[in-house]
A.B. asks: 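Here it is, the structure in full.
Computed from a predicted model, the values in this text were never measured in an experiment.
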Amino acid sequence: MEILDYFPKSDEVQRLYCNCCQKHLDLIFSNFHEVISGIDINIIGLPTLHCGHCFKDYLPEDSKFAVIHLHEEAIKNSTNKVKVKRNKTNQNFGYGIVPFIYDSDDYKYIPGLKRPYNKGFLTPVFFNKEVLLKYDSSPTYRLIFASTTYGEIRRGDDFSMPFGLNNSGKVMMWLGDIARLPESEQYYLRSENINSDHSIGSEFYDGQIECVFTDLSKEDNLFKLRSGFLELCFHKFGMKIAHLDTEVFDLSVSFNAPIVDTEKERRHVADTLNKIYLESFDKKTLGTIVKTLGGNTKDLGSIKLLEKMIQLSNPNVDVSTLMSPFYILYDLRVAYSHLGSDKGGEERLNFINKRLNIKSKSGLLDIYTSLVGRLHYSFKELTKMI
Ligand SMILES: [Zn+2]
């Protein structure tokens with residue numbers, strides 16, 4: 001290689017996407033060893049952008065300048081070999097009351113984060129996923145999901161803070177945003193704060209830095225609609241009618257549409273959808289709301305309570321059609337867990353297909369497509385009614 005190759009070209013803008021596969025790059029600290037215009041240069045721990053998919057490396061601009069600088073020094077000192085160990089920047093950007101763990105190299109070397117103002121604001125700070133569950137169950141804060149891996153934490157109508165999940169399931173927020181939180185919240189967040197893994201490529205990064213919103217999968221979209229419905233219910237009734245726990249949240253993030261129709265997959269799909277879309281409803285809170293609206297809650301399960309809550313708020317509308325996918329989802333799990341036994345699994349399945357208006361012997365893939373479509377529609381319409 002020649003040293004001229006290391007001078008950034010004026011028309012080149014560094015981005016977080018691999019030139020070959022367009023996937024996100026990760027920041028790594030690698031051992032750089034090249035002979036450049038006759039000088040053997042070895043740098044230990046040089047910030048490098050790495051594609052984990054095609055194993056291609058790219059040098060950030062500042063790393064290129066480090067190489068150029070060492071090359072110049074070697075020429076000045078008339079040597080043809082140079083070996084250095086790079087020290088991390090470890091800069092404190094001075095945000096927040098609590099000393100958070102973050103890596104200032106992330107801000108300096110991940111493309112798109114540096115700004116001429118508010119230095120360090122867009123430094124990613126990493127947390128355990130449990131952080132989100134705390135805000136989900138808090139009476140003052142709400143979680144609003146734009147997909148299963150991107151959303152915002154809201155308080156009242158005037159405070160909102162974006163968050164995202166990276167590929168390894170770590171929660172990311174911006175350092176500057178965290179500093180806007182009350183002191184007690186900062187202390188709480190610090191207790192779940194973990195080291196950066198320098199992998200920031202996510203819907204959160206695309207949305208926040210590139211202002212690009214990728215098309216959502218059907219599953220992500222449904223989760224988003226659920227979130228929007230819950231948020232409106234909160235505004236109307238002042239209470240959260242559903243909560244996530246660790247298991248359900250993990251399921252939501254990892255859940256994909258079925259591609260095979262096996263007994264195991266049938267159970268998995270029906271179980272997962274039940275956990276996310278039915279079991280996460282808070283029966284006690286729904287009961288309280290129904291009572292406030294003047295309804296009777298005796299012997300009612302959460303789907304019935306939900307239906308009653310909506311019906312009492314819209315006395316002139318028949319909500320049974322909109323509620324039907326929730327009942328079908330419940331029946332689907334029962335049907336799939338009793339298939340092959342004499343407990344009427346087959347019969348239930350036929351009844352499900354009939355209500356979904358699909359062929360009587362339809363398998364998992366058709367049922368899934370139809371049911372998820374119906375749930376989409378119901379969440380959309382129910383949200384309008386709230
Ligand atoms: Zn690649």
Side-chain angles (χ1 to χ4, degrees), residues 1-94 102-126 166-168 172 174-175 195-202 205-206 208-212:
M1 289 283 269
E2 297 303 317
I3 193 65
L4 279 180
D5 298 330
Y6 285 81
F7 283 90
K9 294 169 189 63
S10 58
D11 57 346
E12 215 174 51
V13 180
Q14 190 143 42
R15 297 178 66 206
L16 194 66
Y17 307 96
C18 174
N19 285 345
C20 298
C21 67
Q22 301 306 315
K23 290 199 184 334
H24 293 115
L25 303 171
D26 295 327
L27 180 67
I28 59 166
F29 299 87
S30 63
N31 287 344
F32 176 90
H33 195 183
E34 296 269 349
V35 177
I36 300 164
S37 300
I39 294 175
D40 181 310
I41 297 182
N42 188 351
I43 309 173
I44 295 162
L46 185 69
T48 305
L49 295 165
H50 174 73
C51 175
H53 200 69
C54 31
F55 298 101
K56 222 178 139 175
D57 286 339
Y58 302 82
L59 282 191
E61 244 174 46
D62 284 354
S63 292
K64 287 181 180 169
F65 286 129
V67 172
I68 294 167
H69 176 71
L70 282 180
H71 190 268
E72 272 172 11
E73 290 285 298
I75 289 177
K76 249 190 245 165
N77 299 328
S78 315
T79 172
N80 60 3
K81 197 168 178 163
V82 48
K83 182 175 181 177
V84 292
K85 185 173 180 290
R86 176 194 178 262
N87 293 318
K88 291 190 66 66
T89 55
N90 286 334
Q91 191 179 339
N92 179 353
F93 291 120
Y102 57 82
D103 190 333
S104 48
D105 281 342
D106 286 348
Y107 177 73
K108 291 168 192 274
Y109 289 91
I110 292 175
L113 305 188
K114 257 197 264 182
R115 297 284 185 277
Y117 47 88
N118 292 345
K119 205 168 177 196
F121 190 101
L122 294 176
T123 307
V125 185
F126 290 75
N166 73 0
N167 283 335
S168 43
M172 304 173 283
W174 303 123
L175 179 62
N195 282 319
S196 164
D197 65 5
H198 317 290
S199 174
I200 184 183
S202 56
Y205 178 91
D206 291 346
Q208 291 275 304
I209 303 301
E210 295 274 340
C211 296
V212 167

A.B. asks: At what distance, to the nearest 0.5 angstrom, does OG of S199 lie from OH of Y205?
C.D. replies: 12.0 Å

A.B. asks: I'd like to know whether the aromatic ring centres of Y109 and H198 sit less than 6.0 Å apart in this structure.
C.D. replies: no

A.B. asks: Within the side chain of S37, is there an N or O that forms a donor-acceptor pair under 3.5 Å with the backbone of E2?
C.D. replies: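 Such a contact is absent between S37 side chain and E2 backbone.
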
A.B. asks: In plain terms, say whether E61 and K64 are close enough for a salt bridge, that is, a side-chain N and a carboxylate O under 4.0 Å apart.
C.D. replies: no

A.B. asks: Output the distance between atom CG (N31) and atom CZ (R86), rounded to the nearest 0.5 Å.
C.D. replies: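 Output value for this atom pair is 12.5 Å.
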
A.B. asks: Could you please spell out the steps behind the side chain to side chain donor-acceptor pair (under 3.5 Å) verdict for D57 and H50?
C.D. replies: CA-CA 5 Å; D57 286 339; H50 174 73; 2.6 Å; yes

A.B. asks: I need the I44 CD1 to S30 OG distance, nearest 0.5 Å.
C.D. replies: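 Answer rounded to 0.5 Å: 11.0 Å.
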
A.B. asks: Got a donor-acceptor contact below 3.5 angstrom from the N77 side chain to the T79 backbone?
C.D. replies: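 Between the backbone of T79 and the side chain of N77 there is no qualifying donor-acceptor contact (under 3.5 Å).
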
A.B. asks: Would you say F7 and I68 make side-chain contact, with heavy atoms under 4.5 Å?
C.D. replies: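 Yes, side chains in contact.
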
A.B. asks: Do Y58 side-chain atoms and N19 backbone N/O form a donor-acceptor pair below 3.5 Å?
C.D. replies: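 It does hold such a pair.
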
A.B. asks: Any idea which heavy atoms bring F126 and N195 closest together, and the distance?
C.D. replies: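 The pair with the smallest heavy-atom distance is CB-O, 3.9 Å.
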
A.B. asks: Determine, stepwise, if the pair F29 / D103 fulfils side chain to side chain contact (heavy atoms under 4.5 Å, CB included).
C.D. replies: CA-CA 12 Å; F29 299 87; D103 190 333; 4.2 Å; yes

A.B. asks: I would like to know whether L59 and L46 meet side chain to side chain contact (heavy atoms under 4.5 Å, CB included); could you show each step before the answer?
C.D. replies: CA-CA 9 Å; L59 282 191; L46 185 69; 3.7 Å; yes

A.B. asks: Does NZ in K83 sit with more than 12 non-hydrogen atoms of other residues, nucleotides or ligands closer than 6.0 Å?
C.D. replies: no

A.B. asks: M1 and Y6: which non-hydrogen atoms are nearest, and at how many Å?
C.D. replies: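 Between these two residues, the closest heavy atoms are CE-OH, 3.9 Å.
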
A.B. asks: Run the side chain to side chain contact (heavy atoms under 4.5 Å, CB included) test on Q208 and W174 for me, step by step, so that the C-alpha distance in whole Å, both residues' side-chain angles and the decisive distance to 0.1 Å come before the verdict.
C.D. replies: CA-CA 10 Å; Q208 291 275 304; W174 303 123; 2.9 Å; yes

A.B. asks: Mark yes when over 12 heavy atoms from residues, nucleotides or ligands other than H53 sit less than 6.0 Å from its NE2; otherwise mark no.
C.D. replies: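 Result for NE2/H53: open.
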
A.B. asks: Which residue, D106, T123, N166, forms the side chain to side chain donor-acceptor pair (under 3.5 Å) with S196?
C.D. replies: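 Per the side chain to side chain donor-acceptor pair (under 3.5 Å) rule, the option paired with S196 is D106, out of D106, T123, N166.
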
A.B. asks: So C51 and C20, do their side chains get closer than 4.5 Å, heavy atoms only?
C.D. replies: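 Not in contact.
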
A.B. asks: Identify the two heavy atoms, one from I110 and one from L16, that lie closest to each other, and give their separation to 0.1 Å.
C.D. replies: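 The pair with the smallest heavy-atom distance is CG2-CD1, 4.1 Å.
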
A.B. asks: Would you give the length of the straight line joining atom CG of L122 to atom CD1 of I209, rounded to the nearest 0.5 angstrom?
C.D. replies: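 Result: 5.0 Å between the selected atoms.
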
A.B. asks: Between Q14, K114, K108, which is the residue that forms a side chain to side chain donor-acceptor pair (under 3.5 Å) with D62?
C.D. replies: K114

A.B. asks: Minimum heavy-atom separation for N167 to G201, with atom names?
C.D. replies: ND2-O, 4.4 Å

A.B. asks: What distance separates R15 CZ from L49 CG, expressed to the nearest 0.5 Å?
C.D. replies: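 That separation rounds to 13.0 Å.
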
A.B. asks: Sequence neighbours left out, what pairs pass ring pair (Phe, Tyr, Trp, His ring centres under 6.0 Å) with at least one residue falling in residues 61-81?
C.D. replies: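 Non-adjacent pairs meeting ring pair (Phe, Tyr, Trp, His ring centres under 6.0 Å): zero.
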
A.B. asks: Measure across L27 and P47 and return the closest heavy-atom pair with its distance rounded to 0.1 Å.
C.D. replies: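 Reported closest heavy-atom pair: CD1-CB, 4.1 Å.
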
A.B. asks: Rounded to the nearest 0.5 Å, how far apart are NE2 of H24 and OH of Y17?
C.D. replies: 4.0 Å

A.B. asks: Of all the heavy-atom pairs spanning F93 and Y102, show the shortest one and how long it is.
C.D. replies: N-OH, 2.8 Å

A.B. asks: Is any side-chain heavy atom of Y107 closer than 4.5 Å to a side-chain heavy atom of Q91?
C.D. replies: no

